[in-house]
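Step one of this worksheet: look at the structure below.
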Amino acid sequence: MGLKKYIAVRGITMFGVLMATLFLTIILVGSNMDTILKQGITFQVRGEITENPAIAASFASVEEFEAFVQGQIEQRIKILGLDSPWYSPQRIGFTMYKILILDFGHATFLTSDAGSSDVKDILLEKLPRTILLFTSATIIISIIGIFLGALSASKVGSVIDRITSTFAVVSSSFPVWWVGMLMIFLFAFVYQIFPARATPSISPDDPGYFAALLYHMTLPLITIVMIGFGAWAYLVRNFMIGIMQEDFITAKKTMGIQKRKIVYGHAIKNAAPPIITILALSLSGSLGGAIITEAVFDWPGMGRLYFEAITVMDLPVIIGATYVLTVFFLISIFLADLLYGYFDPRVRTG
Amino acid sequence: MSSFSSSEIRHEFVKSKVGIAGIIILGSLIGISIFTAIIIPLETFQGWNNPGNWISYPKTAMPSWVNFFMLEKIPEHIILDKPIFSSQSLGPITVISQQFNVNYDYNDFPSDFIYEFTARYSGSPLMQISVIRPDGQTLSLLSTALPYSKEEILHNERIFSTDGTIKKNLFLQSEKFDFSLEGFTAEDIVFSALSEHEVLKGNYVFLVNLYDVKKENEIMDSSLIIGGKVYGIMGTDELRRDLAVGLLWGTPLALFIGIAVAVVSVTTGLIYGVYAGFRGKATDEVMMRFNDVIYALPALPFLIILAVTISNSIFVMIGFLTIFGWVGIAKVSRSMALQIKTKAYVEASQMMGQTNSKIVFKHIIPQLLPYAFASIAISVPAAITTEAGLSFLGLGDPTFPTWGQILHDANTYGAAARGLWWWIVPPGIMIAITGLAFVFLGNALDAIVNPKLKR
């Protein structure tokens with residue numbers, strides 16, 4: 001199987017997964033969504049009539065008026081195609097199509113900072129902030145992790161190796177969000193260095209906004225890096241140890257090549273495929289974990305949006321955010337697969 | 001791949017320090033769970049979210065052991081619910097009395113005191129409350145008639161130290177004090193020395209007398225609460241709940257959730273993977289594509305949607321966590337099954353006409369058991385932290401006091417920004433310790449089944 005075919009097969013699988021996810025989400029929230037949409041229409045009709053007292057005045061009895069209102073509501077429901085049940089194939093198909101072309105509709109309660117209730121606007125506003133925080137965190141983590149991992153792999157059993165391994169095991173047992181709470185307690189309450197809430201208090205139009213955002217980002221960034229790099233170093237160490245036992249490394253050693261050169265030149269190159277794969281996966285994984293971390297630090301990104309949307313059950317936002325998170329997740333898995341296939345031709349033969 | 005006998009594994013395991021540490025931690029956690037189930041009444045656990053249960057506890061009180069590190073002893077919250085009963089007759093009048101002894105040895109005044117009682121009486125008996133202080137002085141606090149009732153009734157009442165009558169009574173006795181009582185509260189006066197306004201340490205006796213001509217009256221459950229700022233081993237939260245109870249009950253819950261999720265998902269993954277690998281061809285292809293689909297689902301957003309739309313009951317949640325837990329195991333066990341399948345003894349038993357299920361369960365799965373145990377141990381912490389995370393977001397089962405739930409409440413009431421460390425630190429440490437126990441176990445097993453990592 002060539003690389004092209006490999007890419008095509010993976011691509012089609014991913015698209016299938018995306019559709020399956022979308023379908024599952026709609027199935028899960030469909031009935032609630034339906035009720036909310038219908039309620040919205042009722043509110044809209046009643047609102048229009050109260051604004052225009054002449055309509056109410058033209059009816060002789062209350063019953064007649066109510067019948068008129070009911071008629072209006074039913075008419076609109078019919079126009080929007082809401083009269084068929086939410087699980088009818090046309091409606092599910094239509095909803096999926098709309099989401100695919102990124103038309104998520106309007107949020108029920110939430111708005112963007114700029115005041116728009118269009119889900120697409122809200123998502124576009126929050127997404128860059130999440131990417132800013134978690135991408136920088138992942139990059140820092142991977143740099144520290146690869147360096148520390150290679151160092152401990154070259155000195156197995158040394159003090160550094162033991163400290164790294166212990167730290168990896170211990171740090172990965174703590175939930176990031178709990179460490180976040182502790183960090184807020186320590187650095188916002190005991191020592192008032194950083195703000196407790198990561199949302200800058202100045203408006204996004206202010207020229208100093210980006211600087212304020214970076215300052216507010218420090219505490220979450222430190223926390224994520226602190227909890228993350230140990231596990232990374234440990235993984236890299238284990239890959240490297242595996243490679244250091246391969247015959248070609250032993251051959252290089254017997255040839256008298258410096259150990260440093262072997263570790264950082266030859267071994268790390270061979271450890272690259274799994275490391276890159278994990279890098280791609282952990283990027284997307286961190287986006288999912290962002291939901292809790294952002295809720296703790298009150299970071300104004302996708303994760304907090306998701307959390308807020310759940311709290312008030314704002315379904316269009318939930319669907320939109322799930323879709324975007326899934327797309328990111330799939331893209332990174334896809335990339336990881338491709339990179340792995342590129343670096344390690346053995347996988348392509350499946 | 002090599003196979004291991006159980007005695008070999010036991011032998012190797014005993015040699016591993018990490019494994020022993022894991023066993024010890026796990027053992028103590030199980031010990032805590034058993035202790036909790038026996039010692040702590042089930043009602044406190046069921047009434048975790050019922051504010052009525054916790055009314056006599058202090059609000060956000062620190063753990064009482066902080067006093068060991070303090071020069072100035074912070075008053076402890078004291079709940080006295082076992083008074084000394086006595087009754088005597090003074091001519092036609094019967095006196096029922098209750099006596100509460102308290103040794104007050106703190107450097108600050110209590111925040112308040114509350115007397116709570118349930119009395120069964122008819123008519124209108126007279127209730128008198130007084131306190132005998134360490135310096136021998138007796139201060140009378142209250143003298144009041146209980147509300148009149150023609151029939152016999154059960155009367156429940158709380159008398160607070162902020163009661164105006166108590167204050168008035170104390171002011172009437174102000175000549176005993178060398179300083180002006182103006183501006184002081186009842187607890188400031190009762191617990192103060194006579195010469196100046198300073199805490200008088202020593203034994204206090206609170207005396208409650210009920211006078212009536214009838215003999216049938218009785219005071220049932222009664223308690224005296226002397227309000228303080230530290231309480232118990234773990235302190236209390238904003239809703240006055242004793243955090244020790246929540247933390248203790250969290251232990252069996254976390255173990256149950258973690259182990260249930262790990263066992264079910266590893267078993268499912270193992271059987272699924274082995275079956276796919278063993279059957280091969282189209283079956284394998286279809287099963288592995290389905291595996292890919294589940295693998296590519298973003299777990300947390302989906303768990304959240306499932307919890308919101310379907311149910312957040314703890315048992316349903318275990319099922320949801322399992323859905324996302326079995327995928328990795330299935331992949332690994334499939335590739336292992338592919339290797340074992342080609343072994344001569346498997347082919348031999350196939351030729352002998354053994355059924356597929358027998359080959360899978362008798363010849364392949366036993367080979368994978370060591371890996372399965374290692375994977376179970378390794379997947380427990382993830383299950384516990386994920387459940388804690390969901391609870392932290394407020395999507396957990398509200399009827400169970402899990403550690404995540406406690407942290408959720410802490411976050412809701414801004415515990416971190418208010419410096420309420422005793423509300424935040426212990427639950428997280430418990431989560432981490434439980435996780436560590438299983439990580440240790442998993443690592444020890446992993447080192448045995450993957451000798452390459454040992455070195």
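Remember, predicted model here, so these are calculated numbers, not experimental data.
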When [options] are compared by non-hydrogen pairs under 4.5 Å with chain A, the top option:
options                                : result
B:Thr386, B:Ile431, B:Ile305, B:Val439 : B:Ile305
B:Gly414, B:Ala388, B:Ala416, B:Gly435 : B:Ala416
B:Gly419, B:Pro381, B:Gly404           : B:Gly419

Over 12 non-hydrogen atoms of neighbours within 6.0 angstrom of [atom1] in [X]:
X        : atom1 : answer
B:Phe290 : CZ    : no
A:Lys253 : NZ    : yes
B:Arg418 : CZ    : yes

**Message:** What part of A:Ala20 gets within 4.5 angstrom of chain B, counting heavy atoms only: side chain, backbone, both, or neither?
**Reply:** side chain

**Message:** Working to the nearest 0.5 angstrom, can you tell me the gap between B:Leu300 CG and A:Ile292 CD1?
**Reply:**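 So the CG of B:Leu300 and the CD1 of A:Ile292 are separated by 5.0 Å.
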
**Fill in**
CD1 of A:Ile291 to CG of B:Leu393, rounded to nearest 0.5 Å, is 7.5 Å

**Item:** Heavy-atom closest pair, residues A:Met181 and B:Ala410
**Value:**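 For A:Met181 and B:Ala410, the tightest heavy-atom pair comes out as CE-CB, 4.1 Å.
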
**Message:** Using side-chain heavy atoms (C-beta onward) and a distance below 4.5 Å, is B:Phe392 in contact with A:Val296?
**Reply:** yes

**Message:** Can you confirm whether A:Phe185 sits close enough to B:Val425 that some side-chain heavy atom of one is under 4.5 Å from a side-chain heavy atom of the other?
**Reply:**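 They are not in side-chain contact.
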
Is [X] in contact with chain A via its backbone, its side chain, both, or neither, using a 4.5 Å heavy-atom distance?
X        : answer
B:Leu407 : both
B:Ile433 : neither
B:Ile294 : neither
B:Phe440 : side chain
B:Arg289 : side chain

**Prompt:** Counting distance only, does the side-chain N/O of A:Trp178 pair as donor-acceptor with the main-chain N or O of B:Ile424 below 3.5 Å?
**Reply:** yes

**Message:** For residues 164-185 of chain A, which residue pairs pass the salt bridge (Lys or Arg N to Asp or Glu O under 4.0 Å) check, not counting sequence neighbours?
**Reply:**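 Found none.
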
**Asked** Who in residues 167-177 of chain A is close to chain B, using a strict under-4.5 Å heavy-atom cut-off?
**Response**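 Listed by number: A:Val169, A:Val170, A:Ser173, A:Phe174, A:Pro175, A:Trp177.
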
